Amino acid sequence: MTETVHVPLGERAYDIHIGTGIIASAGEWISPLLSRPRVAIVTDAMVGDLHLDALTRALDAESIDSVSLRLPAGEATKGWPQFTRTVEWLLENRIERRDVVIALGGGVVGDLVGFAAAVLRRGVRFVQIPTSLLAQVDSSVGGKTGINAPQGKNLIGAFHQPSMVLADIGALETLTPRDFLAGYGEVVKYGLLGDSAFFEWLEANGPALAAGDVDARTYAVRRSCEMKAEIVVRDETEQGDRALLNLGHTFCHALEAATGYSSDLLHGEGVAIGCALAFELSARLGLCSQEDPSRVRAHLTSMGMKTDLSDIDANLPGADVLLDLMGQDKKVVDGQLRFILARGIGRAFVTSDAPRDVVHKLLAEVLPTPG
Ligand code: GLY
């Protein structure tokens, strides 16, 4: 069964279709969007091996011709060289203004291809086919596209909404447990930021989700997409409320920078640790009860996820350096750090009012002692 979440953004509105077997029927979904039966697919080497044949067959079945490009897998792809290669490949293949480009893969491919589509001939349409949990619940939805700069992650990009998102729950079966749980960090984030009943549901159903229960996975992806869509519709270009989606990210970005954006810490793992820290900070500021951060940590731990800074298998810098790294976050406005704090589970809000000394003390206390 397929579930659909509509993202009502006026002339940029689109649907997110969620279910099993969606890649195998992608031609039927995509066909109504096309002005001629021809698409360009961009994927990466790893996802290409797993899913490109199935996608091509599905397009063939609807008499849609396709050309495909496989980029190298990994975060290093998300920079100018592979971006330039992608844009020039699309031009060489005569992708026109009214054509559709398909991004098949995780967050790296989705972000890069979305940005390529945003600038190609001043904007062509694109379809996201996210194959990682993180991409299905976060990066494929909402139109943030871009690449990394030497100065930081995602610093070059554009808002460009996809024309459709096809989230095939079956694709999650090919993820490693570590990658699945990293994506799960973003799922938990939704419960924590705005839906305590969803968090409670995750406490009960998280183990089934991790074990592969398709109905549970479909519900979790749907609920996450519904919540993201609702926030994006309120604030498409992050002038205010969209920053709620960054719960845990101020800490996470500092930790990712401190670990060199390496596999020592995956983005979703940093988000989970960051959420635990954001709740701890909220409790210390008297915004929520001490039971809330304990409950957050208990759930993450029970899922076998990284929860504490000591779970990161790398040497971390001291609290001063981490605070400086937080200061380089994109969310800094007029030099003021913006935090997403919470008045309880499901009750997050955006603030610039987190005293630096309290954040410093928290970091100093939770950092593992060297040796
Ligand atoms: N990943 C956060 C956002 O899309 O705003």
Side-chain angles (χ1 to χ4, degrees), residues 3-9 16 18 133-144 161 165 167 182-206 209 216-253 267-268 270-283 285-289 291-300 303 305 307 331 338-354:
E3 311 221 5
T4 299
V5 176
H6 184 61
V7 188
L9 279 170
I16 306 164
I18 304 157
L133 181 58
L134 190 134
Q136 292 190 354
V137 299
D138 184 38
S139 58
S140 69
V141 176
K144 275 190 185 174
Q161 299 293 342
V165 180
Y184 185 75
E186 295 276 4
V187 176
V188 172
K189 177 194 81 176
Y190 288 104
L192 294 177
L193 75 86
D195 186 350
S196 59
F198 183 44
F199 182 72
E200 220 170 283
W201 184 89
L202 291 170
E203 287 177 312
N205 294 282
L209 232 83
R217 286 181 170 190
T218 305
Y219 175 70
V221 172
R222 172 165 74 77
R223 184 67 196 124
S224 301
C225 288
E226 276 170 0
M227 290 187 68
K228 178 149 190 183
E230 200 249 307
I231 291 171
V232 167
V233 166
R234 279 207 313 264
D235 177 21
E236 188 179 359
T237 56
E238 201 170 310
Q239 307 303 311
D241 270 8
R242 185 163 180 165
L244 289 171
L245 296 169
N246 294 326
L247 176 63
H249 283 61
T250 306
F251 289 108
C252 169
H253 288 156
H267 176 70
V271 170
I273 295 173
C275 285
L277 287 171
F279 270 80
E280 182 59 40
L281 181 58
S282 302
L285 292 171
L287 294 164
C288 67
S289 83
E291 276 149 34
D292 289 332
S294 305
R295 194 171 152 199
V296 174
R297 294 181 67 256
H299 179 53
L300 299 177
M303 292 295 292
M305 296 169 72
T307 312
K331 294 184 295 306
R338 274 202 298 168
F339 276 94
I340 319 306
L341 298 177
R343 296 194 175 87
I345 287 176
R347 297 174 59 210
F349 65 99
V350 187
T351 181
S352 304
D353 261 356

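Please read these numbers as outputs of a predicted model, since none were measured by experiment.
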Arg295 bridged to Glu203 by N-O distance under 4.0 Å: yes
Taking every non-hydrogen atom, the tightest pair across [X] and [Y]:
X	Y	value
Pro293	Cys288	CD-SG, 4.3 Å
Gly240	Asp235	N-OD2, 2.7 Å
Leu247	Leu192	CD2-CB, 3.7 Å
Ala348	Ile340	CB-CG2, 3.9 Å
Val187	Ala220	CG1-CB, 4.2 Å
Val5	Ala229	CG1-CB, 4.3 Å

Verdict with supporting geometry, Glu238 and Asn246, side chain to side chain contact (heavy atoms under 4.5 Å, CB included): CA-CA 10 Å; Glu238 201 170 310; Asn246 294 326; 3.3 Å; yes
Test side chain to side chain contact (heavy atoms under 4.5 Å, CB included) applied to Gln136 and Val165, step by step: CA-CA 9 Å; Gln136 292 190 354; Val165 180; over 6 Å; no
Could you give the distance from [atom1] ([X]) to [atom2] ([Y]), rounded to the nearest 0.5 Å?
X	Y	atom1	atom2	answer
Leu341	Arg347	CG	CZ	13.0 Å
Leu202	Tyr219	CG	OH	8.5 Å
Thr351	Phe339	OG1	CZ	9.5 Å
Cys225	Glu3	SG	CD	10.5 Å
Cys252	Leu277	SG	CG	10.5 Å
Ile345	Asp292	CD1	CG	4.5 Å

Side chain to side chain contact (heavy atoms under 4.5 Å, CB included), paired with Leu245, selected from Glu186, Lys228, Met227: Lys228
Is the shortest heavy-atom distance from the side chain of [X] to the side chain of [Y] under 4.5 Å?
X	Y	value
Ser139	Leu134	yes
Val141	Ile16	yes
Leu281	Phe251	yes
Leu300	Ile273	no

Crowding at CZ, Arg234 (>12 non-hydrogen neighbours, <6.0 Å): yes
Donor-acceptor pair, side chain of Ser282 and main chain of Ala342, under 3.5 angstrom: yes
Under 3.5 Å donor-acceptor, Thr250 side chain and Arg338 backbone: yes
From Lys144, Gln161, Arg242, residue fulfilling side chain to side chain donor-acceptor pair (under 3.5 Å) relative to Glu236: Gln161
Cation-pi, Tyr190 ring and Arg223 (6.0 angstrom, 45 degrees): no
Parallel, tilted or perpendicular: ring planes of Phe199 versus His299, cut at 30 and 60 degrees: perpendicular
Aromatic plane relationship, Phe198 with Trp201 - under 30° parallel, 30 to 60° tilted, over 60° perpendicular: parallel
Donor-acceptor side-chain pairing of Gln239 and Thr237 below 3.5 angstrom: yes
Chi angles and distances behind the side chain to side chain contact (heavy atoms under 4.5 Å, CB included) call for Thr4, Ile18: CA-CA 6 Å; Thr4 299; Ile18 304 157; over 6 Å; no
